[in-house]
Amino acid sequence: MVRTQIQLKEEQAKAIKRIAHSRHLSVAELIRRAVDTLIKSSPVADPEERLKRAIAIVGKFSSGKHDIARRHDKYLADAYRK
């Protein structure tokens, strides 16, 4: 593990201590779990991975319309009006 130091507002520190105590966890463990949750909910793919994903999805969906490139602004405006 890597030791790190953070500064919290007094209210934050009190709340974290209260939550950690109620869950029978150390403050450090509670913070590690919160960081893990944030990391899992905020995936950031590197540019190469994003390009691979974009290429993989090309042609997977069909709107049934054949003039999307020419009339995309109209279709977008119509979709937002719904």
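Source: prediction; values computed, not measured.
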task = Look only at the side chain of Asp67 and the backbone of Arg70, and say whether a donor-acceptor pair between them is shorter than 3.5 Å.
result = no

request  = Determine, stepwise, if the pair Lys52 / Glu48 fulfils salt bridge (charged side-chain N to carboxylate O under 4.0 Å, His left out).
outcome  = CA-CA 6 Å; Lys52 252 172 57 175; Glu48 188 174 310; over 6 Å; no

ask   = Step by step, would you call Lys65 with Arg71 a side chain to side chain contact (heavy atoms under 4.5 Å, CB included)?
value = CA-CA 10 Å; Lys65 299 187 183 337; Arg71 301 186 68 200; over 6 Å; no

key: Single-linkage hydrophobic cluster Leu76~Ile68, side-chain heavy atoms < 4.5 angstrom   = no

query = For Ser26, does its backbone N or O pair with a side-chain atom of Glu29 as donor and acceptor, under 3.5 Å?
reply = no

message = Could you work out, with side-chain hydrogen bond (donor to acceptor under 3.5 Å, both in side chains) as the rule, every residue matching Glu10, not counting sequence neighbours?
response = Lys14

Gap between atom CD of Gln12 and atom CD1 of Ile6 - 0.5 Å precision = 8.0 Å

key: Spacing of CG belonging to Leu51 relative to CD belonging to Glu49, to within rounding of 0.5 Å   = 9.5 Å

ask   = In Å, rounded to the nearest 0.5 Å, how long is the span from CD1 of Ile31 to CD1 of Ile19?
value = 10.5 Å

query = Taking only residues two or more places apart in sequence or in another chain, which ones pass side-chain hydrogen bond (donor to acceptor under 3.5 Å, both in side chains) with Arg50?
reply = none

key: Step-by-step salt bridge (charged side-chain N to carboxylate O under 4.0 Å, His left out) determination, Asp78 to Arg81   = CA-CA 5 Å; Asp78 290 348; Arg81 282 191 208 113; 2.9 Å; yes

Validation: residues 38-45 side-chain donor-acceptor distances under 3.5 Å, sequence neighbours left out:
| from | atom 1 | to | atom 2 | distance (Å) |
| --- | --- | --- | --- | --- |
| Ser41 | OG | Thr37 | O | 3.2 |
| Ser41 | OG | Leu38 | O | 3.1 |
| Ser42 | OG | Leu38 | O | 3.1 |

inquiry  = With a sphere of 6.0 Å drawn around CZ of Arg23, does it hold more than 12 non-hydrogen atoms of other residues, nucleotides or ligands?
reply    = no

ask   = Applying the 4.5 Å side-chain criterion to the ILVMFWY set and letting contacts propagate, would Leu30 and Val35 be lumped into a single cluster?
value = yes

